[in-house]
Amino acid sequence: MNAHAPFSFALPGSDRIIVIGAGIAGLATALRLAPRPVTLVTAAPLGFGTATGWAQGGIAAAMGSDDAPALHAADTVAAGAGLTEADVALRVAEAGPGLIDWLVGLAAPFDRDAAGALALGLEAAHSRRRIVRAGGDSTGRMVLETLVRVVARTPSITILVASARDLMRDARGAVAGVVCERDGARFPLPGRAVVLATGGVGALYASTTNPRGATGRGLALAARAGAVLRDMEFVQFHPTAIATGADPMPLATEALRGEGARLIDETGAPVMAGIAGGDLAPRDVVARGIFQAQARGAQVFLDCRGDLGARMATRFPTVAGLCAAAGIDPRLQAIPVRPAAHYHMGGVKVDATGASTVPGLFACGEVASTGLHGANRLASNSLLEAMAFAPAIAEAAAAVPAPGQGRAEATTLRSDGDPEALRAVMERQVGVVRAAEGLAEAVRHLAPAARAGCDAALTGLAIAASALSRRESRGAHWRSDHPTQDVPAHTELILADLWAMAEAVEPGRAVAAA
Ligand SMILES: Cc1cc2nc3c(=O)[nH]c(=O)nc-3n(C[C@H](O)[C@H](O)[C@H](O)COP(=O)(O)OP(=O)(O)OC[C@H]3O[C@@H](n4cnc5c(N)ncnc54)[C@H](O)[C@@H]3O)c2cc1C
């Protein structure tokens, strides 16, 4: 169903600040705003429906005696394939140790060594041991539980379980609140500033490790409000999602390969043989290696049999539990795996205070494009990024003047489209390996639903159109028809650009595809 119903409410609105999303980004921002009044809008009850709760690896921070923020920043820049902004990487890395101390102060139960010091893990592309973790591979759940506990006893934070469906703007175009939906009814929630903390886009793909709600609605809301979206084409595919038919797909953390697990095909032959870096190559290289083997008809498995399989229950309890639920005994059986959409590097373009290009609108966490991740995220940098930006966002949002007299408007477009058809198109045409023809087909498929008001289609369209416009291969974006790198540059678009890009490839329009 489509409904194009204008929504209007009288200002002055409330002095409150609205945070949309209750993962690490939303919770950390709400806490940093205390004691200022905050309404935290979340589509699912606190503690549910977040990628945060599923994080397995941990949080990167230069805590070791042989480490320094400059080294962490250098690794981040190297992973970003020419598009990470060095000053942002350094600022976030410098904030790391203090943010771990902040979580420790909130009673986060991080793993410690025999001497009581934080146990630091090593992950691919990190030059030092700097991954802080909790409960082995249960870091996300434990950090989320810690933050939820503190938020629940913070009186300035009001929780509203509802879905944000649109942003309201005043006569100057500044964001002045949110149109929410609960039990099929829509209602306005005025506020002086809105912080999007709505997470990623993985659920736009048929194969994903993300929660079902990760459809990038926050990006669609921002685009409809006039915000600039940046580097939307950069979607990171995790190489080893467990392929046993579950949706979303459970994750087999990369740390398993760090500890000796090998990628094999159904004959036992190594899948990554002959590829630089082998099983420990960067995430995008391994994802492409597996994708290409599967495109040739091979089945791919993560082989943890033997000693690693025996240690799994203690060292990787989350993966052990996921395998048990899927009926796999990793001591005896190799785990079937496939690449899956995992993390979105692109997002709402923000500055150092998390401010978007629209007054009153901020973005934090995976929905934001801060300049940290470039074309490829360094593992375990995303939880850190969200916490690192929250204090500056809180300060800047608190300084936004309350809306003046007048009325605020929003046009709430409603259409859910056909989610499964959308996910199939994204998987087939906007996945691990891309080419102009398939991307143009995706744009043609998604544009009508996006125009009809389907937020998921709008976000998918922005990813596909940006991928079509980037005629090179860089980081997580691989074009089989443009396999080399060009000069590093960001892609940016606003809604009008997106419609123009769609028209350029739609039937009967000027043929201007790549
Ligand atoms: C399986 C897995 C493992 C990972 N492991 C790691 C790791 O080890 N280290 C690391 O740094 N990163 C890891 N990541 C990435 C990291 O977990 C995420 O990038 C991070 O948690 C994102 O936090 P967030 O707060 O931005 O979004 P989320 O935690 O996803 O929270 C989004 C919130 O927004 C809400 N929401 C969305 N849309 C709306 C709407 N329209 N209205 C109201 N509410 C809405 C959701 O309900 C949810 O509360 C992993 C991700 C996955 C999926």
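One-based numbering, in listed order, for ligands and for the atoms of each. Numbering of residues begins at 1 and proceeds along the displayed sequence.
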Less than 3.5 Å apart, any donor N or O on the side chain of Thr215 or Asp455 sitting next to an acceptor on the other? no
Return the set of residues passing side-chain hydrogen bond (donor to acceptor under 3.5 Å, both in side chains) with Asn376 (not counting sequence neighbours), or none when no residue passes. Gln236, Asp284
Heavy-atom contacts with ligand 1 below 4.0 Å: which residues, ordered by chain and residue number? Ile20, Gly21, Ala22, Gly23, Ile24, Ala25, Val41, Thr42, Ala43, Ala44, Gly49, Thr50, Ala51, Thr52, Trp54, Ala55, Gln56, Gly57, Gly58, Ala162, Ser163, Ala164, Ala197, Thr198, Gly199, Thr209, Asn210, Arg217, Leu251, His342, Tyr343, Gly365, Glu366, Arg377, Ser380, Asn381, Ser382, Leu383
Give every donor-acceptor pair under 3.5 Å between a side-chain atom in residues 87-106 and any protein atom, sequence neighbours left out.
none

Between Thr459 and Arg217, is a side-chain hydrogen bond (donor to acceptor under 3.5 Å, both in side chains) present by the stated rule, with each step listed? CA-CA 7 Å; Thr459 301; Arg217 172 162 280 156; over 6 Å; no
side-chain hydrogen bond (donor to acceptor under 3.5 Å, both in side chains) with Thr370: which residues, sequence neighbours excluded? Glu385
For Glu254 and Thr240, test the side chains for any donor-to-acceptor distance below 3.5 angstrom and give the result as yes or no. no
